[in-house]
Every structure is written in C-alpha cells, then in structure tokens.
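In what follows, a structure is listed as structure tokens, so that the remarks can point back to it.
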Amino acid sequence: MTDHIPALRLEGIVKTFPGVRALDGVALSVMPGEVHALMGENGAGKSTLMKVLGGIYQPDEGQIIVSEVPTVMTSPLQAKSKGIVFIHQELSLAEELTVAENIYLGELPRRSFGRVDWTMLYAQTDAILKKLKVGFNAKTIVGDLSIANQQMVEIARALTVDAKAVIFDEPTASLTDAEKVVLFDVISDLQAQGVGIIYISHRMEEIFKITDRISVLRDGSYRGTLNTRDTTEEEVTQLMIGRALDLTRNESHHTLGDVALEVRGLSCGDLFKDVSFEVRRGEVLGFYGLVGAGRTEIAETLFGLRDPDGGVILLDGEEVRVTSPADAISKGISLVPEDRKGQGLVLGMNCRDNMTLPQVGNLSSGPFVAPGAETAIFDKYKEKLDIRTPGWKQTVGNLSGGNQQKIVIGKWLSMNPKVLIVDEPTRGIDVGSKSEIHTLIRELAAQGYAVIVVSSEMPEVLHVSDRIVAMFSGRVMRTFTSDEVTEESLIQAISGIAPTQKVA
Amino acid sequence: MASMTKADIGGMLARQGILIAFAVFIIGFTIANDRFLSPDNVMGVIRSSAILGVMALGVTFVVISGNLDLSVGSMMSFSTIVVLDLHDKIGPFLAIPAMFAMTLCLGAFIGFLVGYLKLNSLIVTLGMLSAIHGLTLTYSGGQNMDIADKEGTWFGVFGQGSALGIPVPILIFLALAALLGIILAKTAFGRKVYAVGGNGTAATFSGIKRARIVFLCYIMSSACVAVAGLIQASRSMGSQNTVGQGLELDVLAAVILGGASLLGGSGTIFKTVIGVLILGFIQNGLLLLGLQFYVQNVVTWVIIILAVWLDIAAKRGKLWSNIA
C-alpha cells in the first residue's frame with residue numbers, strides 16, 4: 001500500500017476553544033481501500049476532529065489533504081462534493097419520504113420546468129440499492145424501515161457521489177447482530193472499490209474484525225497508529241485510557257439472599273408471552289436477546305409503563321400490580337432506561353436536581369425543598385459512584401455519557417430500591433467508563449441489591465450476570481447460570497435455534 | 001464542553017441583546033420626552049402593567065411546563081364581567097369567590113384537555129380564546145356590565161386603593177410575584193414543573209405525574225387571570241365584554257422577553273417581572289412619543305419576534321445559521 005497516495009490525510013490539526021485545546025496536532029491518514037479505526041474515550045476529540053473534517057469547525061493550524069490536494073472544508077455538503085462522506089450515528093432522514101427522495105434530497109434529477117424526473121430517480125436509486133443488496137426498493141417509505149435499513153439509506157446516499165473516504169460514526173450502535181453482518185459486507189464492498197474508510201467505534205470486537213489500522217486519540221492528542229493484525233485489545237485500551245480493562249466472565253459466587261422479584265407467566269400483547277423468572281437479592285440477572293425480543297418491554301412493564309394482559313408480579317413474595325412509574329418507584333422498583341438522554345435525564349437541569357428528582361417531594365422541610373438534604377444526597381452518590389463533575393450545579397447535558405449514566409444510577413440508589421433494572425447500561429459510553437459501570441453493577445449486587453441487566457452486548461451480559469435469561473421473539477428460551485453458559489449456546493438460544501426449556 | 005461554552009456566550013449575548021435594545025429605547029425615550037423617567041410616569045407604567053403582569057406570572061408556569069396559554073385574555077374578560085355582574089346581585093363578599101371558582105373551572109377544563117388528554121396546548125387554548133369569548137357574551141347578553149352604586153361599595157379597593165402611597169394593583173402584583181416565585185423556585189411542585197417542561201418523558205420515568213403537573217399549571221394560570229380580572233373590574237367598576245382582548249399576546253411577549261423558552265424547561269418569575277416592565281416601558285414610551293395606540297400592536301409583535309429570534313440564537317450560539 002506504500003506506493004498508493006492516501007485517500008485522505010489530516011496533518012497537525014490544532015483546534016482550540018476558549019480554555020480548551022480540543023485538538024493538539026492530530027494526524028490521520030487513510031489509504032484507499034483501507035478501514036481505519038479511530039478510537040478514543042468520549043471527550044478524546046473524535047467528534048471535534050470529524051467536525052473539522054466536515055467543515056463545521058475551521059482548524060487553527062494544520063491541513064486537510066484529499067488525494068494529495070490540500071482542501072479547505074466549509075460545510076458537510078462541500079466536503080461531500082470533495083468525496084468525503086459522513087454516516088452519522090444519529091440518522092438524518094425525512095421519514096415521510098421515499099428511499100429515493102431521501103437519497104437524492106436536494107439534488108433530485110429534473111426535467112423541464114423543474115419537474116422531478118421520477119423514472120430516472122427510481123432507476124438511479126435502485127441501481128445503488130442493488131449494490132447494497134438490501135431488501136427494500138426506491139419507493140419504500142423510509143419511516144417503514146428498521147433502523148438498520150435506514151442506516152443503509154444513509155450509506156446509499158454516500159454512494160451517490162464518487163466517495164474517496166467514508167466516515168462511519170458508531171454505525172452499529174442500534175443494530176442487531178444480523179444487521180451488523182450486512183453493514184460489514186457493505187463496508188468490505190466499499191473497501192474493494194478503493195474507498196478509504198474511517199470507522200469510529202467503541203466496540204473492540206468489531207474493530208478487530210473489520211479494520212486494518214487503528215489510530216487512537218486521548219485528551220485531544222494523537223497517541224499513535226497500530227496495525228490491527230499486530231495488536232491486542234489490551235494494547236489499544238491501554239493507549240486509550242492508560243490502563244488495562246477487565247472484560248472477563250463473571251465468576252463471583254457470593255451467597256444470594258431471598259427472592260426479591262418473581263414474575264410468573266407475564267404477557268403483554270405481541271411484545272412478550274408467558275415470561276417467568278426470579279431475581280434474588282445479591283444477584284444480577286441478565287436479559288440477552290436481539291433487538292425486538294421483548295427485553296425492554298418487560299422492563300417497562302415491571303416499571304408500570306405498560307399494562308400486562310396476563311401473569312403475576314411478586315415483590316418479596318407478595319403479589320403486586322404496578323400501575324405507573326410513580327407506583328413502581330413507591331413499591332421499590334427502579335428503571336435505568338435504555339435512552340439515557342430521552343428518558344433518563346432532564347439535560348437542561350443540574351446534576352443534583354436530576355438525581356433527586358423522584359424524591360424531591362419527600363425532601364421538604366415545611367413547604368420547601370430542603371437544598372441541604374438534596375446536596376447531601378448528591379455528594380454521597382458523587383463520592384460513592386465516582387461521578388466526575390465540577391459540582392452539583394453543572395448542567396447534566398455537559399457531562400460525558402458515563403457520568404450521565406452514573407447520575408441516573410445514583411438517582412435510583414438514593415431511593416434504596418428493592419429491584420434495580422438497568423436497560424443497556426453502557427450504550428454509547430466510552431470504554432473506560434464502561435468498565436466502571438460494570439464494576440458498579442457487580443458491587444451493587446454484592447451489597448444485596450437485586451439487579452436486572454438488559455443488554456444487547458454479549459461480553460457485557462457474560463461479564464456482569466449471575467444468571468442469564470435468553471429471549472427470542474417475546475419468549476424466554478432458556479435461563480443459563482454463569483457456570484453453564486457458553487457463547488454458542490447463548491447465540492443459539494437468542495436466535496430461536498435451541499429448544500425452549502423451562503426455567504429450573 | 002467547548003461548544004457549550006460557546007453556547008453560553010451566545011446565550012449571554014442574546015439576553016444582553018434584549019437589555020441593550022431596552023437601554024436604547026429608554027435613552028431614546030428620555031431624550032425625546034423628559035416626562036418619561038419622572039416618578040409619576042414610572043409609577044404609572046408599573047401600575048398599568050400590573051394586570052398584564054399578574055397574568056404573565058401564571059402563564060410563566062404554563063410556558064415552563066412546555067405548553068402555551070393563549071386563552072388568558074378572553075378568560076380575563078370573562079372574570080371581569082362575571083364579578084361585576086355578581087357584585088350587584090350577591091354582593092362583593094360572595095361575588096369574588098364565585099368568580100374565582102368559575103374561572104378556576106375554565107383553567108381546570110384546559111388543564112384536563114392538555115394534561116390528561118394530552119391535546120396540543122396551542123390548539124386547545126386558541127380554541128378556548130374564542131370559546132370563552134362566546135361564553136362571556138352569552139353570560140352578559142352582549143351588554144356592558146356596570147356596578148350601579150359605584151360610591152357605596154368597598155369593591156374599588158383592589159384597583160383604585162393604595163397603601164403606604166403605593167397603588168394596590170402594584171402591591172398585589174409584587175406580592176403574587178413573590179409568592180409564585182417562591183413556589184416555582186423552592187417547592188417540589190416548582191421543580192417538577194421544570195422537569196416536565198425540560199423533558200416530559202424523563203420526568204415520567206422519574207415517577208412524576210406529568211398530567212397532574214400540567215393540570216396544576218393551568219390552574220395556576222387561571223387563578224392569576226381571576227386576580228387580574230378582579231383588579232380590572234375593581235379599577236373601572238364597569239366593563240365591556242372585550243376588556244382582555246389581545247392581552248394573551250402581550251402576556252406571552254412579556255414571558256418570552258423575560259427569557260422563558262417556548263420549548264419549556266427554563267424561565268423564572270423574576271425574569272418574567274423584568275419582561276413585563278420592559279414591555280410596559282416600551283409601550284408607554286411609544287405613547288409619550290405621540291404614536292397611535294394601535295402602533296403598539298405592531299411594536300409588540302416586533303418585540304415577540306425579536307425575543308424568539310434571540311432565544312433560538314442563544315441555543316445555537318449564533319444569530320444566523322444554515323442548520324436549524
């Protein structure tokens with residue numbers, strides 16, 4: 001590859017904001033046909049670098065070189081015209097429009113008098129879709145597609161120009177395993193066509209599967225580039241965070257307490273049917289399955305957000321009906337929701353007020369909320385969970401994902417719940433904070449909390465759970481103990497391959 | 001982190017933008033008319049702003065909770081007409097609580113529709129603006145209401161009285177501002193209002209009864225309208241059916257001028273009071289300049305647009321952007 005010229009090269013990029021040197025001489029070069037991973041913890045400078053590349057920020061120093069031509073980027077659209085295309089984590093599609101209209105939005109082929117040339121539009125679109133081997137066509141309404149397929153539309157959009165480099169920003173964040181396979185196929189096709197690819201992700205597994213080289217950023221500075229073949233997860237992690245990461249299987253065997261929560265034959269429409277399980281004090285019960293297997297819906301039902309149409313919920317052996325989140329909270333069931341920003345936090349509110357929100361009514365002296373009591377709670381859990389923030393007055397939206405998640409966890413721990421449900425505990429959280437959250441979950445179990453963890457990441461489920469409930473299509477396929485579970489048997493169970501087995 | 005700093009600066013600039021514009025107005029008015037900053041005129045402005053101000057206090061709750069209330073103008077007409085009518089029929093002692101009860105019922109109805117049925121507040125309150133006007137006309141039969149014996153009643157105290165040299169409407173406005181300011185800033189209910197407006201889903205996920213909070217915000221708003229109607233009725237001792245017409249926009253302008261976001265989740269009672277005063281002084285200044293009364297309508301609209309623009313500019317950190 002040495003005799004090639006790089007598809008895209010960044011040299012000595014410096015970007016400062018008042019008080020922060022966000023990028024400090026960052027270099028990156030992507031060869032045609034190469035998949036180049038860009039890694040770094042949240043706040044390491046990845047997003048800033050991409051904004052510089054997309055022309056949203058202008059660098060203070062350094063230059064962007066596309067196929068050996070120094071280029072000034074002024075906007076994402078202009079970057080696209082230079083062959084630099086972004087596939088964002090958050091999709092930006094018009095859901096009401098068709099696939100074709102979305103792909104050619106702003107540049108629809110025209111006939112006379114500005115009429116859209118629909119025949120040409122659909123033909124061009126179908127040609128691109130064919131290359132992507134997707135199961136929908138140009139006339140499909142985007143809103144009807146799954147998230148994974150919507151992502152394919154974004155990718156198709158990238159293919160309308162003669163792309164030199166395509167930047168994928170956390171593309172698998174909301175994809176199921178099967179959908180990932182399709183995405184990786186597309187990436188390898190692009191690669192074969194000589195497109196350079198920058199792949200931003202926190203997921204080691206994927207990085208090692210599909211990338212050629214890995215560049216690492218830490219605190220806004222460039223820490224080096226490794227050949228994927230010659231390196232290990234440990235080495236990359238160390239480069240990113242300066243220490244090793246523990247992601248082995250859970251092997252702790254502390255004694256379990258009484259059954260805190262038992263669910264018998266719980267059903268809710270088409271979402272899940274006849275679900276039974278129990279979780280004891282001191283135990284972490286993992287829920288693993290594909291997106292749409294019904295895991296989140298079970299959590300939401302336990303939290304009073306959905307009405308079950310059959311089955312019973314027993315808390316400490318007593319049958320209960322949970323009618324609303326407020327009711328769930330008063331009964332001692334807490335939920336750390338899947339969508340941290342949408343469901344977990346009021347982003348414009350400060351850290352303390354977010355943490356004490358569910359109990360603000362109980363923290364009153366006379367008619368007023370007692371600020372001292374609130375601050376005391378915040379300080380206690382800031383310390384206990386090691387939340388890194390300048391102080392309680394900090395707006396939650398300014399914290400990193402990991403610290404935000406700790407605020408949500410702290411919110412519930414301070415209520416001393418009987419059952420803590422954590423849905424996707426580390427979604428969108430950088431690798432260092434991820435391991436902290438995992439350790440935290442184990443510690444909570446050791447302290448006697450009954451914890452339910454819902455996750456789409458197998459290493460995570462294996463790492464934190466004492467037992468794992470494998471779900472497929474709304475049904476419990478099998479419940480594994482951490483001794484007997486294997487990756488193969490787990491995958492079989494959640495794919496609906498293994499025969500249904502009753503919970504022991 | 002870095003971009004937030006930038007947004008903060010933008011936010012500061014935006015807020016100062018209003019203050020700078022205000023300062024320019026004040027200086028201009030003072031040069032143009034030396035009466036503008038005289039104690040009499042200043043007191044007059046605050047006094048004439050009191051009714052609008054009282055209504056703005058209630059609407060602040062609604063706006064922070066993420067909703068709108070466009071019904072306050074016609075609801076105020078309703079309160080005024082009802083209390084004037086009942087005054088002569090059952091006496092002021094009973095008329096006042098009866099009027100409050102009826103006005104609160106209207107607030108409760110809106111609160112039910114927006115809170116519990118989760119209907120869009122713009123549509124509901126715009127519809128109520130018109131519906132309550134119809135209700136008022138039905139009640140009054142289209143006639144103006146007058147208190148027969150204006151001299152023989154103590155009813156005038158709310159609008160015409162004064163204590164310690166300060167007109168009672170101003171005292172009511174300030175006392176209510178203090179009370180509601182404390183409720184919003186210091187009580188659990190106030191905190192929940194911010195949470196519901198900031199992120200209603202997250203509030204629900206934190207066990208807050210969102211519908212109930214929205215409902216209570218409209219109750220607050222209608223209670224303030226009742227107070228405003230009382231002051232209005234007491235001041236004039238007689239009224240047309242349309243006395244509050246168009247006030248909903250002035251009220252909204254004052255709330256937004258104060259810096260409450262139309263998206264909900266931000267704003268304070270103190271800021272609303274500032275917004276009320278800014279609006280009052282500008283409208284008064286225009287009158288002193290000899291501009292026609294109805295020019296105010298245009299100016300109020302310009303001020304609303306300016307405030308909304310600066311609010312959005314503050315969010316994206318610059319005045320103009322290609323990206324929304």
Side-chain angles (χ1 to χ4, degrees), chain A residues 15-22 43 47-48 51 56-57 75-77 300 303-305 324-330 334-337 339-349 353-354 356-364 366-371 374 395 397-400 408 411-412 415, chain B residues 1-12 64-66 116 179-213 216 259-261 263-267 311 314-318 321-324:
Chain A
K15 178 70 194 172
T16 52
F17 296 105
V20 193
R21 204 169 171 84
S47 321
T48 314
K51 282 180 181 162
I56 295 167
Y57 297 150
S75 72
L77 217 63
E300 287 173 350
F303 194 57
L305 286 158
S324 70
D327 188 34
I329 292 163
S330 72
S334 296
L335 173 66
V336 176
D339 178 0
R340 187 167 52 248
K341 291 180 179 176
Q343 304 169 329
L345 294 165
V346 182
L347 290 177
M349 229 180 210
D353 294 0
N354 260 290
T356 56
L357 199 51
Q359 52 179 323
V360 68
N362 306 326
L363 291 174
S364 300
F368 305 126
V369 180
E374 283 192 285
T395 306
N398 293 351
L399 299 187
S400 72
V408 185
K411 171 161 97 176
W412 297 123
M415 307 277 294
Chain B
M1 189 73 191
S3 61
M4 280 315 295
T5 318
K6 206 175 167 188
D8 287 347
I9 293 168
M12 247 164 55
I64 293 176
S65 79
Y116 290 94
L179 175 68
L180 295 186
I182 288 171
I183 289 178
L184 189 57
K186 302 285 180 194
T187 67
F189 168 68
R191 183 73 57 77
K192 290 174 184 175
V193 172
Y194 281 105
V196 164
N199 184 345
T201 310
T204 305
F205 272 71
S206 293
I208 291 172
K209 290 167 183 142
R210 183 178 174 179
R212 188 162 164 253
I213 300 297
L216 288 174
S261 168
L263 300 172
S266 75
D311 176 42
K315 289 215 169 55
R316 62 188 174 209
K318 45 186 169 184
S321 166
N322 285 321
I323 307 157

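Every chain is numbered from 1, with letters handed out A, B, ... down the list of sequences.
Between A:L305 and B:F205 the shortest side-chain heavy-atom distance falls below 4.5 Å. By the 4.5 Å heavy-atom criterion applied to side chains, B:R191 and A:L357 are counted as neighbours.
Contact detail for B:A195 and A:M349: the closest heavy-atom pair is N-CE, 3.6 Å. Contact detail for B:G207 and A:A326: the closest heavy-atom pair is O-CB, 3.2 Å. Between A:G361 and B:A188, the shortest heavy-atom distance links the atoms CA-CB, 3.7 Å. When all heavy atoms of A:G344 and B:A202 are compared, the pair lying nearest together is C-CB, 4.0 Å.
No other option in A:D327, A:V408, A:V360 has as many heavy-atom pairs under 4.5 Å with chain B as A:V360. Between chain B and the residues A:G342, A:P337, A:S364, A:G348, the most heavy-atom pairs under 4.5 angstrom are made by A:G342. The candidate from B:I182, B:T187, B:I183 with the greatest count of non-hydrogen atom pairs under 4.5 Å with chain A is B:T187. Of the listed residues A:L399, A:N362, A:N354, A:D353, the one with more heavy-atom pairs under 4.5 angstrom with chain B than any other is A:D353. Chosen from A:A328, A:S324, A:P358, A:G304, the residue pairing most often with chain B at heavy-atom distances under 4.5 Å is A:P358.
With a 4.5 Å cut-off on non-hydrogen atoms, B:K186 touches chain A through its backbone and its side chain both. Proximity to chain B is limited to the side chain of A:T356, based on heavy atoms less than 4.5 angstrom apart. Residue A:L345 touches chain B through its backbone alone, counting heavy-atom pairs closer than 4.5 Å.
In this structure a side-chain-to-backbone donor-acceptor pair under 3.5 Å is present from B:N199 to A:K341.
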